[in-house]
Amino acid sequence: PAEPTMVLRLKFLNDTERLARVRPGDTVGALKRAHFPGQEQQVRLIYQGQLLRDDTQSLAALHLGHNSVLHCHISQHSPAPAPAGPHASADPVHAALNVGSLMLPLFVLMLAVLWYCQLQYRHVFTATATTFLAGLTLLFSFMAFTMYRR
């Protein structure tokens with residue numbers, strides 16, 4: 001006898017939904033391949049607050065019922081491959097330090113120190129240096145505003 005099908009609701013971050021017709025014996029990986037072809041590595045499925053990490057787990061084992069909601073997050077870049085070895089991190093996101101996220105605080109700190117020095121030691125700063133510092137601050141503020149406005 002054919003296995004009965006059920007409908008799952010795939011809900012995205014922008015509140016749109018897509019219906020997925022599946023069988024309880026299907027795996028999480030099969031669901032990703034069927035409904036997100038070519039994006040399997042970027043798709044994160046969340047059910048009842050739990051990230052579904054194991055692509056070999058069946059939907060029946062997750063106790064998914066008809067009309068269950070799976071929250072979907074599709075990242076814009078594929079995750080870095082997990083490092084191999086005995087000390088490999090289970091979560092590749094925490095495995096590497098994201099230096100790019102440290103640049104904004106570093107530049108803010110550098111500008112703050114320069115402005116402090118400019119205010120405390122005015123006799124060291126020429127008019128050209130102060131103008132350059134003000135211009136650099138405006139340029140950085142504009143760039144930070146446009147980058148983080150999205």
Side-chain angles (χ1 to χ4, degrees), residues 6-22 26-59 61-65 67-150:
M6 62 181 176
V7 174
L8 297 179
R9 294 170 36 210
L10 304 177
K11 189 165 186 171
F12 297 89
L13 291 176
N14 60 1
D15 282 338
T16 60
E17 281 190 17
R18 188 190 315 174
L19 298 179
R21 188 169 299 279
V22 296
D26 290 348
T27 63
V28 172
L31 173 68
K32 287 181 182 180
R33 283 188 297 278
H35 294 280
F36 305 97
Q39 295 181 307
E40 297 92 351
Q41 295 301 314
Q42 288 107 325
V43 174
R44 300 280 184 259
L45 298 175
I46 300 162
Y47 179 63
Q48 292 183 340
Q50 296 295 323
L51 179 63
L52 306 182
R53 295 178 190 266
D54 186 4
D55 283 355
T56 61
Q57 193 171 27
S58 73
L59 301 177
L62 295 168
H63 306 292
L64 289 167
N67 262 346
S68 291
V69 175
L70 282 175
H71 294 273
C72 304
H73 173 262
I74 302 175
S75 63
Q76 298 303 317
H77 53 354
S78 61
H87 300 293
S89 173
D91 189 1
V93 172
H94 298 295
L97 177 63
N98 186 0
V99 178
S101 65
L102 298 176
M103 292 306 290
L104 178 67
L106 183 64
F107 281 133
V108 168
L109 180 66
M110 286 177 19
L111 281 174
V113 167
L114 284 172
W115 275 110
Y116 174 79
C117 289
Q118 199 281 335
L119 294 172
Q120 292 297 319
Y121 308 105
R122 285 178 192 245
H123 61 278
V124 177
F125 282 77
T126 63
T128 306
T130 303
T131 304
F132 179 73
L133 182 59
L136 188 65
T137 302
L138 285 173
L139 177 67
F140 176 75
S141 299
F142 175 74
M143 286 176 42
F145 177 73
T146 55
M147 281 176 35
Y148 292 98
R149 196 177 81 183
R150 298 181 216 164

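Residues that satisfy the side chain to side chain contact (heavy atoms under 4.5 Å, CB included) test with Ile74, not counting sequence neighbours, are Phe12, Phe36, Gln39, Gln42, Val43. Not counting sequence neighbours, the partners of Ala61 by the side chain to side chain contact (heavy atoms under 4.5 Å, CB included) test are Gln57, Ser58. Under the side-chain hydrogen bond (donor to acceptor under 3.5 Å, both in side chains) criterion, Asp15 pairs with no residue, sequence neighbours left out. A search for side chain to side chain contact (heavy atoms under 4.5 Å, CB included) contacts involving Met110 returns Leu106, Phe107, not counting sequence neighbours. With sequence neighbours excluded, the residues that form a salt bridge (charged side-chain N to carboxylate O under 4.0 Å, His left out) with Glu17 are Arg9. Applying the salt bridge (charged side-chain N to carboxylate O under 4.0 Å, His left out) criterion to Asp54, with sequence neighbours excluded, gives no partner residue.
Residues Val28 and Leu59 form a side-chain contact, since some pair of their non-hydrogen atoms from C-beta on lies under 4.5 Å apart.
Expressed to the nearest 0.5 Å, how far OG of Ser68 lies from NE2 of His63 amounts to 11.5 Å. Between the CG atom of Leu64 and the CD atom of Gln48 there is a distance of 8.0 Å, given to the nearest 0.5 Å. Considering CZ of Arg44 and CG of Leu52, their distance stands at 11.0 Å, rounded to 0.5 Å. Taking NE2 from His71 and CG from Leu10, the interatomic distance works out to 10.5 Å, rounded to the nearest 0.5 Å. For the atom pair CZ (Phe125) and CG (Leu114), the distance works out to 6.0 Å, reported to the nearest 0.5 Å.
When all heavy atoms of Leu111 and Phe140 are compared, the closest pair comes out as CD1-CD2, 3.7 Å.
Note on residues 122-137: pairs passing side-chain hydrogen bond (donor to acceptor under 3.5 Å, both in side chains), not counting sequence neighbours, are Trp115-Thr137, Gln118-Thr130. For residues 28-38, the side-chain hydrogen bond (donor to acceptor under 3.5 Å, both in side chains) pairs, not counting sequence neighbours, are Lys32-Asp55.
Checked options Val22, Ile46, Leu31; the residue passing with Leu70 is Leu31 (criterion: side chain to side chain contact (heavy atoms under 4.5 Å, CB included)).
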